[in-house]
Each structure stands twice: as C-alpha cells, then as structure tokens.
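Indexing begins at 1, ligand by ligand and atom by atom, following the structure's order. What you see is a predicted model, and the numbers here were worked out from it, not measured in a lab.
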Amino acid sequence: MKVLLVFVLISLAALASARKPFAVRYDNFKVYRAFVEDSEQLEEFKKIHHHLQVHILHEIGGPNRSYDVIVGPLFQRAFEQVLHDLQVAYDIIVEDLQALLDESEVDEEAPMDWETYHPLDVIYDWVDEQCDQHDYLECNVIGHSYEGRPIKSVKLSKREGNKAIVIEGNIHAMEWISSATVTYLLNQLINSEDEEMQRLSEEFDWIVMPMVNPDGFVYTHDVERLWRKNRRPNGYSNSSGPCYGIDMNRNFDYHWSGAGWGIEDPCDHWFGGDEPNSEREIVALQEFVNSFEDGYIRAYLAFHAYGQYVLLPYGHTNTEFPPNYDQMMRIAAAFADGAEDAFGSVFTYGASGLLNYVVSGAAKDWAYGVKGIPFTCTVELRDKGTFGFFLPSNQITEVGVEVTEGLKSLVAKAADEGIFD
Ligand SMILES: [Zn+2]
C-alpha cells in the first residue's frame, strides 16, 4: 500500500475531519473478501495494487484462501471489474469502514478500562500506577522507539525461584486488541480475586511488554488507523516520497531470509528490513530478554490480531518442525480448549509456516530457535474476519476473559508437560 494512498487520504482528511484534523478517514470505503482459488488467479490478484489504490490486508500466502481488501469509493467499480475478469468470487464484508471505526471511537480522556480502546498515555499511566501500588512489580523502560518513546516492561514476581512467562503486546501498530488484551491479563494477574489467577501470579513470574511499537501505535491513533510497522524512515522512497517503517515481527534474527510476499518492498506493510535486528525496538526487546539467565523464561506468548490462531514455530519452513512440536501442539490445544469454553470462540493451532504462510523474522521463532524457550507462540486474537483488524471495543472484555481462560489451561498443561521443570 501505497504510501501514495496515505498521502492522498491525509490531504483529503485534513478537509474532512474536525476532531482530528490530520487523521485519515475511510468514509464509504468498503472491505471486500476475495476468494482466490488457483495460482493463476493469485498471480494476477497480487498485482492489483500496482494499478489500483487498494489495501490488501493479508500477506499473500497461496491460492485457495480468501483475502480482505479495503477499497475506496473511487476504485470500487474498477476493483469489482478486475475481480470479475479474473473470475475471483467476492463478498463485501464491510459497506462503510468509517462507520465501523466510529463504533470504537477513542475517548482520549477516558480512564483505563477494558470497555474501550485507549491512547498510549492512558495505557502507560495505568502501567505506572500499578507499578507504584505493588512492591512485587518491577517496572522498567527497556529502550526507546525511533521517535523516542519509552518501551515499558512490567515484571511480576512474588516468589523466589519461579520460572517466567513472557507476554508481548502490540508489535503491530493497528492491532489494538493486542495491548488491550495484554493489559487485561496483567490486570487479572495483579488484581483478580479468582483463586486460579492468584495461584498463577504466585507460582510464576510474568514479564509483560504491553507495547513494543509505541510510535506505530500513536500513529494509528493520530493519523492512519491501519498502520502496521514502526515509523522509522527506512531509507527508500517511491513516487510519493520517503517510505516509513519496518514490520518488526519480520525483523528478528532466526533463519531470517526475506521470504514472504511484500517483505522485500520497502514501501509495503510487510517490509522486514534490509537485515535482521535493524530496529531499535527489536534490539531493546532482545537485550531485555537476554538480560535474564538461561532457562528462566519457559514460555513466550506474542499477542496479535486476527484469525483466532495459536501459531507455533517454525515460520520459515513448512517442512521442518521443532523437536518438541507435538508437545507444543498439546499445550496449544489446551489454550484452545480453555478459550473455547468461555464463549465458544474456536482457535486453530499449528506451525505458522503450515497454517499461515512461510515467512521469517517473527518473535516466537527467535524466542524458540535462538533463546531456546521451550514453548513459544503467536496468539492471533478475535475474530475470524467479521470485523478483522477493526474489532469493536465492546468485545475487548470478552476477548480478555477467553484469553484468561485459555492461559490458565495453557499453563496447567505446560506444567504437566514439564515445561517449567
Ligand atoms: Zn500482528
């Protein structure tokens, strides 16, 4: 996508929006779901964004799956014509994207809760408040983003000798449900009166990084709701000017290869950088994880949206599997069972290279492959595409509850499996 589109929209938006004068608006933008059946269709489908201003929301993985695409009013007829010519079937899943986004409008002043999405300041103030109130929390700034914002961590430890579980949030800027869920979990660990949660908070250490991509997150609030990467000018440009950002979940150094669609286009959403570990946010995260002694961290969970998956290593291949893959599958199954019991949400689990697409540079692969942490995963939260990246804020609490239930079940199973021994 096309930075061009962003710029065009920014200028239009300056005229259109009163509350946030520079925010991109999506009035009358539709979201299409295109069903790409074979590789011939796929080859042509991949090129659509070269001649039409559209935003394909998924990395191109392969044929036989659907892709969601945002299309502005000017290009809808042409887009539909192209799909028709390619004989690609489609549905319109969102008629007016702005109307959907307005359902989750952010009140910048509202105090922290899990009924609505919040800006970075409110999230960070809440984190600081918890740190001030509880001696067993150790809070740190593990580094700073490109634009100089702190990246905060909270370590919860109530007992000597515990093993630790790492929780990572919002490495992808637009996935707001990630930090909402991670803070929900942290709040449960600190403040819940549920006996099982109290036991989890007693018997394990929890290392939580609620916001790995603060620059991108602020940008999604102030300018472009659909931004994914960080905000470093990446040294490339196209006809619209300089290109910004690296997909930080493609920047970790484990079998880093640049495999994956769009990963090599510096102006695309999935650009993984010119080399691994090029982003200061990722280096800060890694140095922080490296600062703990070997064997202490036993699980690493990165929260993302969307699709309801528990994605296991590896990402870089779909023919090789981790040595304890069967064990990780049993633990992922436990998460899925626990989560489903809450409200019936079904989570699918398996190696990401198999379930999604082959792509390298994700946190879970680094945590497993480089750090030797025996259970690592990416959890793709709700939903399965009805709202996708625009999950309304009235679902935050339910997501929090189902993930809490999934986590209880995951930790119990991981303990049975000897992960914490
Ligand atoms: Zn993500």
Side-chain angles (χ1 to χ4, degrees), residues 1 55-61 65 67-68 70 117 145 151 166-185 208-221 224-231 245-252 254 256 259-263 268-273 279 281-282 285 300-316 332 347-353 355-368 376-385 387-391 395-396 399 403:
M1 152 138 152
H55 178 166
I56 302 176
L57 283 171
H58 306 107
E59 285 168 281
I60 302 290
R65 52 173 288 181
Y67 294 93
D68 294 352
I70 298 176
Y117 292 110
S145 63
I151 301 167
V166 172
I167 308 263
E168 174 212 289
N170 240 134
I171 201 169
H172 287 146
M174 66 190 183
E175 297 166 7
W176 290 1
I177 190 62
S178 170
S179 52
T181 303
V182 168
T183 52
Y184 184 95
L185 288 173
V208 181
M209 294 172 279
M211 181 60 64
V212 178
N213 184 3
D215 293 350
F217 188 71
V218 167
Y219 193 72
T220 61
H221 277 262
E224 160 64 278
R225 175 68 184 85
L226 295 173
W227 191 256
R228 175 180 171 95
K229 303 182 282 186
N230 68 358
R231 290 294 303 162
I246 305 295
D247 182 338
M248 295 201 287
N249 209 37
R250 302 284 175 270
N251 196 239
F252 287 82
Y254 181 67
W256 191 88
W261 182 75
I263 200 166
D268 217 329
H269 306 288
W270 302 287
F271 179 50
E279 301 316 292
E281 293 89 342
I282 296 313
L285 184 158
Y300 188 113
L301 287 73
F303 285 91
H304 287 250
Y306 59 94
Q308 296 173 204
Y309 293 102
V310 182
L311 300 174
L312 301 171
Y314 299 121
H316 68 278
F347 283 77
T348 309
Y349 47 90
S352 66
L355 285 187
N356 258 1
Y357 30 77
V358 172
V359 66
S360 64
K364 68 160 186 350
D365 293 319
W366 172 81
Y368 184 85
T376 75
C377 67
T378 298
V379 179
E380 299 280 1
L381 297 164
R382 280 196 199 180
D383 54 13
K384 291 187 83 67
F387 296 107
F389 290 117
F390 325 108
L391 193 74
Q395 293 198 33
I396 297 171
V399 172
V403 171

Atom of His304 closest to the Zn ion (ligand 1), considering N, O or S atoms:
ND1
Looking at His172, the N, O or S atom sitting nearest the Zn ion (ligand 1) is ND1
Backbone N or O of Gly61 within a donor-acceptor pair of the Tyr67 side chain at under 3.5 Å?
yes
If the cut-off is 2.8 Å, does any N/O/S atom of Glu380 fall short of it from the Zn ion (ligand 1)?
no
Please round to the nearest 0.5 Å and tell me the distance separating atom CG of Asp365 and atom NE2 of His316.
7.5 Å
Once you round to the nearest 0.5 Å, how far does CG of Asn356 lie from OG1 of Thr348?
10.0 Å
Side-chain H-bond candidate by donor/acceptor type, Glu224 with Tyr219, under 3.5 Å
no
